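These figures come from a predicted structure and were not determined experimentally.
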Amino acid sequence: MTFDTFLELASKIKNLELPGEASQIKMSPPYRLELMELQKEKMKTAKKSAVLALIYPDVNHEANIVLILRNTYKGVHSAQVGFPGGKHEDEDETLLATALRETEEEIGISKGDVMLVKEMTPMYIPPSNFSVQPFLGFVEQVPTFIKDDTEVELVIEIKLSELMDDTNAIQTTVPTSYKVNVQVPALKLQGHIVWGATAMMLSELKDMLKRT
């Protein structure tokens, strides 16, 4: 998909109703609903966070989306592939401000360069008790990524055409908080296995692009 094609689709996506949970559930781990039921009370006081699904042109003017591989640390999202983003801080006036600040800190994209397309469907993350607000945005120029080595192991650049390719949807085995391994839906993108919340958000983005 060319970047110009994406821009045409983005102008239509702004006015579309979000596909929401119907899209997210396609990539939902089978134990997600059970975890949410167990944490029904905790959900009421979930911590706030925001992430950015950032689209940009590469040197061939193809549309790409950026993900990051997080460093290994003591936490539930250690060494996982996800969107740039993070926890809402008191300094952030809005959740969009959170997503833009975190993106600038983690991969060096200036918040002033990002054009917002749309808020996507928020999502609750049971293992970390976070409510995450994803945003879809883009930059018009080929970016130069500057990763924060303390948080980011790798910047992963993925062509939108690769995301849209249904053959990249797979099943993979992951450990759970119940200390058993389960099969979950996932995406294989640039050799990385993407599952859980990030895959669910990508599923919504994919469906939005297909609807236009």
Do the side chains of [X] and [Y] join up, straight or via other hydrophobic residues, at under 4.5 Å, putting them in one cluster?
{"X": "V66", "Y": "M201", "value": "no"}
{"X": "M120", "Y": "L116", "value": "no"}
{"X": "I158", "Y": "I68", "value": "no"}
{"X": "L67", "Y": "F135", "value": "no"}
{"X": "L52", "Y": "M208", "value": "no"}

Side chains of [X] and [Y]: closer than 4.5 Å at any heavy-atom pair?
{"X": "K206", "Y": "M27", "value": "no"}
{"X": "F83", "Y": "E102", "value": "no"}
{"X": "P29", "Y": "M200", "value": "yes"}

Using the test side-chain contact (heavy atoms from CB on, under 4.5 Å), find all partners of K111 that sit at least two apart in sequence or belong to another chain.
-> L100, E104

I'd like to know if the side chain of [X] and the backbone of [Y] have a donor-acceptor N/O pair within less than 3.5 Å.
{"X": "K47", "Y": "S128", "value": "yes"}
{"X": "E204", "Y": "G20", "value": "yes"}
{"X": "D58", "Y": "A63", "value": "no"}
{"X": "S203", "Y": "S23", "value": "yes"}
{"X": "K12", "Y": "T212", "value": "no"}
{"X": "T198", "Y": "V194", "value": "no"}
{"X": "K118", "Y": "L16", "value": "yes"}

Test K159 against every option in E62, Q190, M1 by the side chain to side chain contact (heavy atoms under 4.5 Å, CB included) rule and name the one that passes.
-> E62

Would you give the length of the straight line joining atom [atom1] of [X] to atom [atom2] of [Y], rounded to the nearest 0.5 angstrom?
{"X": "I55", "Y": "I65", "atom1": "CD1", "atom2": "CD1", "value": "4.0 Å"}
{"X": "M164", "Y": "D207", "atom1": "CE", "atom2": "CG", "value": "8.0 Å"}
{"X": "N168", "Y": "K188", "atom1": "CG", "atom2": "NZ", "value": "9.0 Å"}
{"X": "I156", "Y": "I107", "atom1": "CD1", "atom2": "CD1", "value": "11.0 Å"}
{"X": "L9", "Y": "D4", "atom1": "CG", "atom2": "CG", "value": "11.0 Å"}
{"X": "E162", "Y": "N64", "atom1": "CD", "atom2": "CG", "value": "9.5 Å"}

Taking everything shown except [X] itself, do over 12 heavy atoms lie less than 6.0 Å from its [atom1]?
{"X": "K48", "atom1": "NZ", "result": "no"}
{"X": "I25", "atom1": "CD1", "result": "no"}
{"X": "E91", "atom1": "CD", "result": "yes"}
{"X": "Q171", "atom1": "CD", "result": "yes"}

Shortest non-hydrogen contact between [X] and [Y], atoms and distance:
{"X": "G86", "Y": "S49", "result": "O-CB, 3.1 Å"}
{"X": "I193", "Y": "A186", "result": "CG2-CB, 3.9 Å"}
{"X": "P143", "Y": "I109", "result": "CB-CD1, 3.6 Å"}
{"X": "L205", "Y": "L163", "result": "CD2-CD2, 4.1 Å"}

For T98, which residues count as a side chain to side chain donor-acceptor pair (under 3.5 Å) partner, sequence neighbours excluded?
-> H88, D92

Salt-bridge present (R101, E106; N to O < 4.0 Å) = no

For residues 38-64, pull every pair meeting ring pair (Phe, Tyr, Trp, His ring centres under 6.0 Å), keeping only residues two or more places apart or in separate chains.
-> F3-H61, Y56-F145

